[in-house]
Every structure is written in C-alpha cells, then in structure tokens.
Amino acid sequence: MRLAHTWSVALLGVDGVPVEIEADIGGGRPNTRIVGLPDASLTEAKERVRAAIRNSGEKWPSEAVTLALSPAALKKNGSGYDLALACAVLAAADAVPGEALGKTVMIGELSLDGRVREVHGVLPALLAARRAGLQRAIVPESTVQEAALVHGMEVLGAQTLSHVLQWLRGEPDALSTPGAMQEIPQPEVPDLADVMGQPEARWALEVAAAGGHHLLLIGPPGTGKTMLARRLPGLLPALTHDQALEVTAIHSIAGMLRPEAPLVSTPPFIAPHHTASRTALVGGGVGLAKPGVISKAHRGVLLLDEACEFGGDRLEALREALEDGEIRLARRDGVVCYPARFQLVLATNPCPCAPPREADCSCTPHERRRYMARLSGPVLDRVDLRVRMRPMTAMSIVDSNRPESTATVRKRVDAARRSARDRWAQQGWVTNADVPGPFLRREFALPRKVTMLLDRGLESGAVTARGADRCLRVAWTLADLAGVDRPDADHVAAALEFRDRRAA
C-alpha cells in the first residue's frame, strides 16, 4: 500500500470538524510535506513524528512522503494530529495493516521517544467525531476517562506509539479501555450559616439562586460581600448530564480538567483578580480565540470582587454575554462562539477610601461618583438585584436567630426552581432569568393593577424597558419562593425595590 488514511479532529471553539489525514509515499526524492493549511506547530509535527517512529523501532520511509489534511480550506492548528500522522505514514509504508484506520479517529501528541502525550479538547473533539459517524477513538491514556463520557463510541487509551502499532497488528490488549466511572466526590462549599447578620443580602442571594439572577453587593469592607458570593454555588442544583457535558467541553479546551474528575457535575465558581485583562475575561488569543473566564463560568457563578477596580472597558465587554448567554470572538483564523450563560455577582466598595463607617469617608462627592461610574448604566441595567450592605453591629448570635444553613436555604431554592422548570418546560427554559421579556408580557401578562408600580417607574424614567422585563422575572421568582402560582403587586414592588429604591 502506498496510500493510507485515518481521522483526527480540528476544533473550532467548542465545535469540531473531522479531518481526514491521508499519507502518500513515493514520487520523488526523500522529503516530507504536510499540506492542508497547517499552522507552525503542525508543520513541526513531521519532525516529532519521524523521531517518534524511529525511536519506536520502526523505519521512516526513504521516499517522498506527502501528508494531506482535508478539508484543505480549513486552518489546522495544534499538536493533536501527531498520532494519526504517524499511523497513516506507517500504514502507507505497509509497516502495519491499515484496515482499522479508516473508521478510527486518533488524537494525541507524540514525544520524541514515542510516548502519547495529553492534549486539550478531547471531549468536544470526540463529540464531533461521533456526529460524523466515526465509531472508534484512540486517545492518550491519561484522557481515556474523559473520552468515555462520549457514549456510542469505542474508546481506547494509548501510552505509546508502539502500543498503537501492536493494536493495529492484531493485539487487542495492547491498548487500555476505560474502567468503570467512579463516583466523584462533590467539592465542599462554605456554609451560609457562617455569615452573620445581613438579612437583606442573604435574601437577595436566595432569590438570585432560585431564579438565576445577577447580583450586585455594595458595602464597606468586611461586611461579608465576598463571603456571601462564595456561598452562592452551594445553593445551586447540580448540573444535568447535558449541562455537565457543555461545561466539561469548555474546561477540556481550557485545560482545566483533572484526570480524577473528568466530568464537571457541579456549577463552576470563577473569581478572577481585578487585574485580569479584557482578553482573559471574554477570551481571545492569536489564530483562533481561546475561552475566557466568562465561558469557564458557563452554567455557574462568575464573581467580580472589587468590581469597580476592573475598569470600564473590561466591564463593558461583558454586556453582550450577559444578554445573549454566549460570546462570539473573531480572530485571524476565524470566528468562534463560546457559551457564556453564567450568574454574575459584582461586589464593590462604595468609594475608593472605603472606611468601615461611611461617616469617616474622606472622598469628595466627585470622587465617589467617578468611582461608581465605572459600573456604567448599561451594565447595571443587566443586573437584577442590587443590595447595599451595612456594617456589623454585634458579634454575638442569639440562639433563636441563628443564621440558616446552606442546606436549609437550598431546599427552598430547589422547590422554587422546580416550579419554574415545570412552568417553562414546554419552551425549554430552566430558570426565570432565561425567559424572554416579550414572552412574559404576552403569554404570561400580569393584570394592570399588579404592574401599576412598574408602569409608574417606566413613565418617570426610573426604570428602562429592559429593567422592567428583569423586574418581571424577579417577581416570578419571588412568587415561586412564596409557593404561589402568579406574582402579585407586592412581588412586583419587591422586585422593583431590589432594583432601584427610588423607583419603588
């Protein structure tokens, strides 16, 4: 055989395109060419592959070797094609049988001594291969449990190139198979009972968890803003299987998965430092954009602590993602779309000097306005709940007023989420925050006497049309927590109070 082919996958964000790899031997003096728009790391693959084949006890062909990657018009990048390239070359040289290669997708980087190294993005790559009808995959052994999350494919793990060649020569035990998926221990989350006082902020956190709403916490340092925000993931339900695969695919591309925990089953919690760049927040990079922290927080919580220190340009970059639940990034090699449906929690001091007591503030009114102006109107308009936290006045806790634990609050949150899920099941929405405003106003319109206060806020300009839609969503969440079928005027007033005290 002078021609052989196998399969790999090119990743475009969280989507993948199967790439057919063909190897042709002969037709000229000894040299190696890779065609099909390879990037620099893929162009260097011929040197890695040649050394890996030689150090695995095999012979590199002494004729011209042409390696073609199709579709030819698609830009290819990364080192995950190495294993497929090596096997295609050896099959074309008749060193190994090539019958099994035509139905097998191969992913893995080769070291010079023939070891198969781990690469990022195995899960989304195999999901794309399964959609294309491929039924078998060979991946690095360290990622075999991640690959096993893709049902309907035979998954094999390889330690070295020699093991893959033995398998091609008819030794079925040369490659490993995934073991039984072990139960992954859930990460410990801090308990809400640790937070003393702050009843309004605790209630806002419960409402945010029940409806999937965004939250802003404003208050002096030491009042528990960060403590409350870090306890929000403990109130959220575990991810469904489909949601877990979405999150795991993003974390796989970002290289965040741990071998002992290949599936992300709990809502992620991401808290970047306020010096993070705009690219780090929304994603970017050279060639094809990589996911940023807003995508890593997909289906989870994104905490921007010291939000006013982030700077206006970085906060403004979140606006489209907050509205659409995804981010589209255009770079040199194409446009990629990453999901970014997260719950945003903003925590900030009221002014730059941030004394424990507001009476001790040394900032001028202009300095306070300029500081808070970093949270622009369009950004704040997308935040459903805004809470001002007060300093603590006592450290003692009366037994009868002991703070509720995470487990207690989570029961109410779960009940409210079940109500919302059942109500929106026909439309496919999970939380009240997912429901479009026009649908709420049309199919689930509330009586005028219920929305009278909201209409007054619209008339006076205290709330925008977007803000009114978000008030309606919060009102439905308050009704779910109260165990009633529809919001009443008190729920709408409370939602408006959470948003803007002046409007209420």
Side-chain angles (χ1 to χ4, degrees), residues 1-11 16-121 125 129 134 137-140 158-169 286-288 333:
M1 180 184 293
R2 313 304 289 173
L3 181 67
H5 75 101
T6 187
W7 294 89
S8 192
V9 178
L11 283 178
V17 177
V19 173
E20 184 179 13
I21 296 179
E22 300 174 287
D24 175 76
I25 297 178
R29 291 179 295 182
N31 73 324
T32 304
R33 296 180 58 210
I34 299 179
V35 297
L37 293 183
D39 72 344
S41 62
L42 185 50
T43 302
E44 294 171 352
K46 57 188 178 184
E47 307 301 334
R48 292 193 301 273
V49 170
R50 182 188 289 112
I53 288 177
R54 188 177 64 251
N55 291 321
S56 297
E58 305 292 335
K59 184 179 179 182
W60 183 265
S62 58
E63 301 175 71
V65 177
T66 302
L67 296 162
L69 284 69
S70 300
L74 178 68
K75 185 77 174 179
K76 323 295 189 309
N77 58 72
S79 58
Y81 303 90
D82 290 5
L83 181 59
L85 292 171
C87 292
V89 168
L90 291 175
D94 293 324
V96 294
E99 291 78 9
L101 292 177
K103 300 178 181 179
T104 303
V105 58
M106 296 186 169
I107 299 172
E109 176 186 332
L110 290 176
S111 64
L112 299 186
D113 61 1
R115 285 176 290 119
V116 182
R117 295 182 182 272
E118 178 182 347
V119 294
H120 298 164
L134 295 170
I138 298 178
V139 299
Q159 284 187 337
T160 65
L161 175 61
S162 296
H163 291 155
V164 179
L165 301 181
Q166 292 171 18
W167 177 82
L168 289 172
R169 288 167 177 151
V286 179
L288 284 174
D333 294 339

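Note that this is a predicted model, so its numbers are computed, not measured. Excluded from the calculations below are hydrogen atoms, water molecules and symmetry mates; all remaining heavy atoms, backbone and side chain alike, are included.
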Separation of Leu112 CG from Glu47 CD (nearest 0.5 Å): 10.0 Å
Trace of the side-chain contact (heavy atoms from CB on, under 4.5 Å) decision for Val164 with Val96: CA-CA 10 Å; Val164 179; Val96 294; over 6 Å; no
Qualifying residues under salt bridge (Lys or Arg N to Asp or Glu O under 4.0 Å), relative to Glu20, sequence neighbours excluded: none
Short side-chain to backbone donor-acceptor contact, Lys76 and Pro71, under 3.5 Å: yes
Steps toward side-chain contact (heavy atoms from CB on, under 4.5 Å) verdict (Leu67, Val49): CA-CA 12 Å; Leu67 296 162; Val49 170; over 6 Å; no
Check: Met106 and Leu101 side chains under 4.5 Å, non-hydrogen atoms: yes
Note, Leu161 side chain near Leu83 side chain (heavy atom, < 4.5 Å): yes
Qualifying side chain to side chain donor-acceptor pair (under 3.5 Å) pairs with a residue from residues 51-60, counting only residues at least two apart or across chains: Glu58-Arg169
Derivation of the side-chain contact (heavy atoms from CB on, under 4.5 Å) call for Leu134 and Thr104: CA-CA 7 Å; Leu134 295 170; Thr104 303; over 6 Å; no
Taking every non-hydrogen atom, the tightest pair across Pro140 and Gly108: CG-CA, 4.0 Å
Exercise: identify the closest heavy-atom pair between Ile25 and Ala93: CD1-N, 3.4 Å
From Leu11 atom CG to Ile107 atom CD1, the distance as rounded to the nearest 0.5 Å: 7.5 Å
Nearest atoms (heavy-atom pairs only) where Ala86 meets Leu110: CB-CD1, 3.7 Å
For the student: nearest non-hydrogen atoms of Ala10 and Leu74, plus distance: CB-CD2, 3.9 Å
Listed once per pair and sorted, the side chain to side chain donor-acceptor pair (under 3.5 Å) pairs that draw on residues 77-93, sequence neighbours left out: Arg48-Asp82, Ser79-Glu109
Taking every non-hydrogen atom, the tightest pair across Leu168 and Cys87: CD1-SG, 4.2 Å
Main-chain N/O of Arg33 paired with Asn31 side-chain donor or acceptor, under 3.5 Å: no
Contact check, side chains of Ile34 and Leu69, non-hydrogen atoms, under 4.5 Å: yes
Backbone N/O of Ile21 and side chain of Trp7: donor-acceptor pair under 3.5 Å: no
Nearest heavy-atom neighbours spanning Glu63 and Gly26: OE1-CA, 3.6 Å
Side chains of Val89 and Pro61 in contact at under 4.5 Å (non-hydrogen atoms): yes
Euclidean distance, Ile138 CD1 relative to His163 NE2, rounded to 0.5 Å: 12.5 Å
